[in-house]
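Just the heavy atoms: all of them, side chains too, but no hydrogens, waters or symmetry mates, feed the values below.
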Amino acid sequence: MMRKIMILLAMAGLIMPAMAQRPSSPNGKLAIEAAGNGLRLYYQNQPVLDIPEVGYEGQTAKPALRFVQKVKADYQMLAGKCLHATNEANEYATPLGENTRLVVRLYNDGLAFRYELSQLSESTLPKEKTTYRIPEGVNRWFQQWTDAYESFFPLTTSYKTLPVRSFSGTFKSADGWNIRWGYPSLFKPAENVFALISEANIERRQSASCLYNEGELYRVTPDQNDLKISGDWHSPWRVVIVGELADIVESTLITDVSEPCKLKDTSWIHPGVVSWIYWAYNHGSDDYNIICKYIDMAATLHLPYMLIDAEWDRMKDGKTVEDAVNYAKSKGVKPMIWYNSSVGWVDGAPTPKYRLNKPEDREKEFAWCEKIGVAGVKIDFFSGDNQMNMDYCLDLLECAAKHHLLVNFHGATVPRGWQRTYPNLLSTEAVYGAEWYNNVPTFTKQAASHNATLPFTRNVIGPMDYTPCAFSDSQHPHITSHAHELALTVLFESGLQHLADKPESFLAQPKEVQDFLSKLPAVWDETRFVSGYPGESAVIARRSGKTWYVAGINGTDEVKRVKTSLDIKDIKSGQAFCDSGDKDKPWDIRMMSARVLPDLLTLQPRGGFVWVITLK
């Protein structure tokens, strides 16, 4: 027996040094190793992701990672999950052939890697080979790609998914399955372990990418980039966030690897809540009187902003947008206005068009906005992920910053870290949101489950202009509860939080609800995941100063018990917004004990809750 023990100890002595030498994250939870022509990622010593190929076509060198340096992220944000973000990584690198280098960073909550090319001479970029293997049978929440990233994240266990027709057409294999997928892509490789694939730090001369699959193999495929590139170039960071659901939800990895803020002065950037006209009145922004109703609501509820949406250049009854802007300013409300990017949907699309495409026109338009007192712009209808769109977005952000304009991109690609580099970008749509109650009946039955999936998928990577909180109905009804709708204003992070409903609906709510909306922050000092599972439920706590907002929703059609246990000390007071279960009197609003917060809460089908907890 003693001899067997000695042999086992000797074997352990051989194995442990080998594991210790494997490239790892500073906290030791993540490790990676070269495997053939690719890499294999481990979480707490269990394999979680096979990357069978890295590099570019024509390269045959196998990766052999060597330590380069320790990397620390420590920076301030103006909006997002937290105002002070920190992370650490160990950086490794390996040559992959002539003038090509793979750089790998293992952060405490994920993997980031990119390719660095040098000595290019009027070169077309080679075809990338990066491939992820997602085995059949693994739970996944993948979104079929569209140029506006507006589709669901349904739970499946297979790549065999029928394509859903989108504005961008369909992408399918010979046997009829969808083959093109957008970021972020969430899957569950092991028990209590999740991984979220995305991308970060799009810079000039780059296109964004998506995933194309052949069976279990999902290949990173950059969109069109026709530039002839000379000198040095690097790809965006390929990012995989890994860990338990709390690690996924709370991660700032997308901004951790993105370029620092490029603006010298950010004192004029103020996130906030916005009254929004489109949801109830598709063409309301051509009507001065309707615009004034939303401005009045913003003033009554002390909302800082009001968005004048499309068609403001065709205002009726002899009024102009400048009249509306002046009325907003007279009420102490900051107006924002909408533009068509004029690169995506143009024919048959709403106006104004072609005002931002040329540098000289863009400069003239944004200077005019600044002069008359417009606080920000919503720019809509981009045409995908190609290099032209990416450079155009950067042009817009830089010109808008020059004229102190906040930016909200709509009909656009998902966030990839620009919110750190250009903090005047306070929100991006790129989500199947509440406006879809206006378009098709599909959203009504799927909204609750979809809402309970977004905190684990789309909203992880950046601000999300879902336009939440509708107590009344638009063209198609919603069957989520009042408390569910209110919870979305906290559950979904956005530096510009647009409220969807009409003034009559908001002003008919109890005073406590109106006061809640009046005080609703759009900036969070801290975010904590409390409980939930994609598509079933989500409970998240966010702190603003000395106030915690805890919001949760039920994504199912059944009564559900959710965990609400929180370690919050020095509580002064609390208020709860819950569902009563009575259709005629839907609210149950009460003060909470300052000493005891419940660890479990029962939610109505498609219901929700919000707690507002004030600290001493």
Side-chain angles (χ1 to χ4, degrees), residues 49 51-54 56-57 111-115 125-134 140-154 156 159-173 177-187 195-203 205-226 235-241 254 257-258 343-344 382-393 409 411-418 428-432 454 457-458 460-462 464:
L49 179 61
I51 310 174
E53 285 199 274
V54 294
Y56 293 97
E57 287 192 350
L111 164 70
F113 62 98
R114 75 180 187 186
Y115 305 105
L125 293 172
K127 188 174 182 180
E128 187 171 339
K129 295 193 301 182
T130 306
T131 305
Y132 305 113
R133 185 187 303 278
I134 315 294
R140 70 201 68 194
W141 297 263
F142 284 11
Q143 179 188 70
Q144 296 190 22
W145 187 90
T146 74
D147 52 14
Y149 288 79
E150 295 180 58
S151 54
F152 294 115
F153 291 85
T156 62
Y159 70 86
K160 296 178 180 179
T161 303
L162 292 174
V164 177
R165 183 164 182 81
S166 70
F167 296 126
S168 314
T170 56
F171 302 89
K172 59 185 180 180
S173 62
W177 307 121
N178 183 74
I179 57 170
R180 189 174 186 181
W181 310 90
Y183 298 131
S185 302
L186 177 70
F187 65 101
L196 187 83
I197 298 172
S198 197
E199 178 179 52
N201 200 42
I202 301 290
E203 298 178 88
R205 305 191 302 167
Q206 297 175 349
S207 62
S209 71
C210 64
L211 299 176
Y212 277 84
N213 81 294
E214 293 183 10
E216 297 182 342
L217 299 178
Y218 291 76
R219 184 167 179 166
V220 174
T221 307
D223 212 317
Q224 183 178 0
N225 186 347
D226 295 328
S235 71
W237 289 100
R238 311 312 183 200
V239 174
V240 186
I241 303 170
I254 296 296
V257 300
S258 295
V343 293
F382 292 86
S383 59
D385 293 337
N386 60 35
Q387 175 269 327
M388 180 275 291
N389 272 280
M390 299 301 98
D391 274 17
Y392 184 32
C393 286
F409 283 145
T413 195
V414 292
R416 288 173 164 88
W418 286 337
T428 300
E429 185 185 27
V431 64
Y432 205 94
L454 293 174
T457 52
R458 165 62 182 85
V460 171
I461 62 173
M464 180 177 74

R219 backbone acceptor or donor facing T221 side chain under 3.5 Å | yes

Do the ring centers of Y183 and Y149 come within less than 6.0 Å of each other?
-> no

Is the backbone of A430 close enough, under 3.5 Å, to the side chain of R458 for a donor and an acceptor to pair up by distance?
-> yes

Kindly determine whether Q144 and T161 satisfy side-chain contact (heavy atoms from CB on, under 4.5 Å), including the steps that lead there.
-> CA-CA 9 Å; Q144 296 190 22; T161 303; 3.5 Å; yes

Side-chain (T130) to main-chain (V220) donor-acceptor, under 3.5 angstrom | no

Which is it for S383 and N389 under the side chain to side chain donor-acceptor pair (under 3.5 Å) test, yes or no, and what are the steps along the way?
-> CA-CA 7 Å; S383 59; N389 272 280; 2.8 Å; yes

Is any side-chain heavy atom of I197 closer than 4.5 Å to a side-chain heavy atom of V239?
-> no

Parallel, tilted or perpendicular: ring planes of F113 versus Y132, cut at 30 and 60 degrees = perpendicular

Presence of salt bridge, E199 and R416, under 4.0 angstrom | yes

Applying side-chain hydrogen bond (donor to acceptor under 3.5 Å, both in side chains), name anything that partners Q206, two or more places apart in sequence or on another chain.
-> none

Q387 side chain vs R205 backbone, donor-acceptor pair below 3.5 Å | no

List the steps, then state whether side-chain contact (heavy atoms from CB on, under 4.5 Å) holds for L111 with I51.
-> CA-CA 12 Å; L111 164 70; I51 310 174; 3.9 Å; yes

Test F409 against E429 for side-chain contact (heavy atoms from CB on, under 4.5 Å), laying out the working first.
-> CA-CA 6 Å; F409 283 145; E429 185 185 27; over 6 Å; no

N178 side chain vs R180 backbone, donor-acceptor pair below 3.5 Å | yes

Centroid-centroid under 6.0 Å between Y56 and Y115 rings | yes

So which heavy atom on R238 is nearest to which on P222, and how close?
-> NH2-CG, 3.9 Å

Please step through side-chain contact (heavy atoms from CB on, under 4.5 Å) for the pair T428 and W418, ending with a clear verdict.
-> CA-CA 10 Å; T428 300; W418 286 337; over 6 Å; no

Does W181 use its side chain to pair, donor to acceptor, with the backbone of Y212 at less than 3.5 Å?
-> no

Those residues at least two apart in sequence (or on a different chain) that pass side chain to side chain contact (heavy atoms under 4.5 Å, CB included) with S258 are A200, N201, T421

Test side chain to side chain contact (heavy atoms under 4.5 Å, CB included) applied to E214 - qualifying residues, sequence neighbours left out | none

Side chains of P163 and W177: does their closest heavy-atom pair fall under 4.5 Å?
-> no

